[in-house]
Structures are given as C-alpha cells and as structure tokens.
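Sharing a structure with you now.
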Amino acid sequence: MPGLGTIINALAIIVAGCVGIGCQRILTPAIQKNVLQAIGISVIFVGVTGTIANSLLYQHGQFNTQGSIASIISLALGVALGTWWDLDGKFNRFGIWLRHKVNRDHDSHFIDGFITASLTVIIGAMGIVGAFQDGLDHNLTTLITKAIIDFITVAMMSVTFGVGPLFSAFPLAIYQLTMTYLAVILKPLLSATMITGISLVGSIIITCIGLNLAFDTKIKVANYVPALIVVVLYLALWPL
C-alpha cells in the first residue's frame, strides 16, 4: 500500500527515540557530545557526497555543471522567501507549543532536539525520492534504507537531547505521506532533471544541518526549505 515505507520510517524513529532515552544514564555527557559531533560529521559527509553526485552530470561527453547554477539561484531565492515568511521562527514556535502539549516545559533541550532531528530526517534526497518511489511503483528500498539511517541518528540525538527527537516522527510522516500521495498526480509534470535538482538542493541543506550539529553553528536551516520548490520551478523553465 502507498505510504508503507513512511510508516516504517516513522516507527523506526519512535523506537530509536525510546532507545536513546534509555541509554542516557549509561553514556556520559562527554560521550554524548562526541557522538553528536560524529553524527554531524557523518551528516556533512552525506550532504557533500550527495551534492557532488547531483551537481556534476555527465552528458554528451562532458560534465554539465548547470545544476550548480540552478542550486545557487534556488537557494538564494529560497532562503529569501523562507526568511520573509520566518519559517525558522514558526518552526521554533511550533516546538514550544509541542513541548507544552507533552508537558516538557522544563526541558531546555526539547526544542533543539525536535527541530534538529526533524530537519535531519525530513530534508534530503532520500525522503523525497523514496516517497516518490513508494507512490509511483511501491518500491520501499530507499525509505527502508533511510529508516535504518534515521534510527541510528535519532537514537544518538535522543541521548543528548532527550525526548524531543522522538517527536520528529510526526512531521516526517506528514511530509513523506504527502509526497507519496502527490507522486501519482505530479508524475506527468516532474522530469528526471527536476528530481535531480531537488536531490542537489536537499543535499546542500543536509550539509548545513551537519554543520550545525558538528560545529554548533547557527544556520537557520528551516528558512532554506522553500529552495526545494524554487529549484523545481527554475528547472521547469530552464532544464539542464
């Protein structure tokens, strides 16, 4: 059934959150910090490799680097829109509301954990492409692979941030199920080039998430999300 891959992915995150919370007393703060940095470096590696893979397309005997130009323009316009709409602020306010609803007002790490985990598991090529594969031909391979990666990531984040990362399963489910059930409708409109553009921009945003995790930078990643839509519109007008 369409959406099964996302259900597996969301359940993996919930279980991972519980496992991570259970390991909090075992792992010292120093270990937790180093593990979080290691996750950040790993996320950076995933983002960089995805960026390189999708920005250098070999066509007609040479590399086509037009994808890089598309990503620069899309990210610039996308972050301008995201900042204008204050997506980062809205995401933070949603985190505050959710923290209150689950009676975690005393938990100073809840919002950081929820936002960081949500952006990590939602934004990127695997979630989008996997959701499309699920919706178009019921291929769950990509989303099951992503579920394994998300399990490890969220488990480690939960050791550091507590219960917050566990709740990233809910925005992930909404987002990926939406992508899955829109896939059939969008199929006639999306070209392979557009999918590549989404993967490229998503990989760059994933790299920003990794930088925030590994080096405690303050990149407002949520404001970059509109770039995923902008790149589709850009490539619809100027294909690679």
Side-chain angles (χ1 to χ4, degrees), residues 6 8-52 88 91-92 94-127 130 142-173 175-176 202-222 224:
T6 293
I8 294 172
N9 198 169
L11 289 175
I13 290 172
I14 293 173
V15 173
C18 294
V19 171
I21 293 169
C23 292
Q24 282 181 317
R25 296 181 180 179
I26 300 175
L27 302 179
T28 65
I31 294 176
Q32 294 177 29
K33 179 180 179 180
N34 288 333
V35 168
L36 189 62
Q37 287 180 334
I39 293 173
I41 293 171
S42 299
V43 172
I44 291 172
F45 177 79
V46 171
V48 170
T49 53
T51 300
I52 294 173
D88 185 78
F91 220 121
N92 274 280
F94 176 71
I96 294 172
W97 174 84
L98 184 59
R99 181 177 66 178
H100 176 71
K101 288 296 181 181
V102 297
N103 296 319
R104 304 293 296 189
D105 290 314
H106 63 286
D107 188 350
S108 61
H109 294 298
F110 181 92
I111 296 176
D112 287 341
F114 169 71
I115 292 175
T116 301
S118 295
L119 291 173
T120 301
V121 300
I122 290 174
I123 299 174
M126 292 186 75
T142 300
L143 287 183
I144 290 177
T145 302
K146 180 177 180 293
I148 296 172
I149 296 173
D150 289 348
F151 180 91
I152 298 171
T153 303
V154 172
M156 292 298 98
M157 286 183 179
S158 296
V159 171
T160 301
F161 291 115
V163 73
L166 182 153
F167 285 90
S168 65
F170 300 104
L172 172 133
Y175 173 74
Q176 287 186 185
S203 296
I204 295 173
I205 297 175
I206 279 288
T207 304
C208 295
I209 294 171
L211 291 172
N212 282 347
L213 285 172
F215 304 110
D216 196 28
T217 54
K218 302 298 180 183
I219 301 173
K220 295 183 177 181
V221 182
Y224 287 73

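All values derive from a computational prediction rather than experimental measurement.
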Mind running side chain to side chain contact (heavy atoms under 4.5 Å, CB included) on I204 and Y224 for me, showing each step along the way?
CA-CA 10 Å; I204 295 173; Y224 287 73; over 6 Å; no
Kindly give the heavy-atom pair with the smallest separation between L213 and T120, and that separation in Å.
CD1-OG1, 4.3 Å
Heavy-atom closest pair (P165 atom, S158 atom, distance to 0.1 Å) is CB-OG, 3.6 Å
Backbone N/O of G164 and side chain of S168: donor-acceptor pair under 3.5 Å:
no
Between CD1 of I122 and OH of Y175, what distance do you get to the nearest 0.5 Å?
8.0 Å
Which residues share a side-chain hydrogen bond (donor to acceptor under 3.5 Å, both in side chains) with T49, sequence neighbours left out
none
Quick one, F161 and F114 - any side-chain contact, counting heavy atoms below 4.5 Å?
no
Distance col, row N9:CG vs L172:CG, nearest 0.5 angstrom, shows 4.5 Å
Where is the tightest heavy-atom contact between V43 and I206, given as atom of each residue plus distance?
CG1-O, 3.3 Å
On a heavy-atom basis, the closest approach of V154 and I13 is CG1-O, 3.8 Å
Once you round to the nearest 0.5 Å, how far does CD1 of I111 lie from OG1 of T116?
11.0 Å
Closest heavy-atom pair and its distance - G20, V159
O-CG2, 3.4 Å
Looking only at non-hydrogen atoms, find the nearest pair between V19 and F151 and report the distance.
CG2-CZ, 4.3 Å
What distance do D88 atom CG and I115 atom CD1 have between them, rounded to the nearest 0.5 Å?
6.5 Å
Which value, rounded to the nearest 0.5 Å, describes the distance between L119 atom CG and N212 atom CG?
9.0 Å
So does T6 get a backbone contact from the side chain of K146, meaning a donor-acceptor N/O pair under 3.5 Å?
no
Any pair with a residue in residues 27-38 that passes salt bridge (charged side-chain N to carboxylate O under 4.0 Å, His left out), sequence neighbours left out, goes on the list, sorted by first then second residue, please.
none
Nearest 0.5 Å, what's the CD1-CD1 distance between I144 and I149?
12.5 Å
Is any side-chain heavy atom of F94 closer than 4.5 Å to one of P171?
no
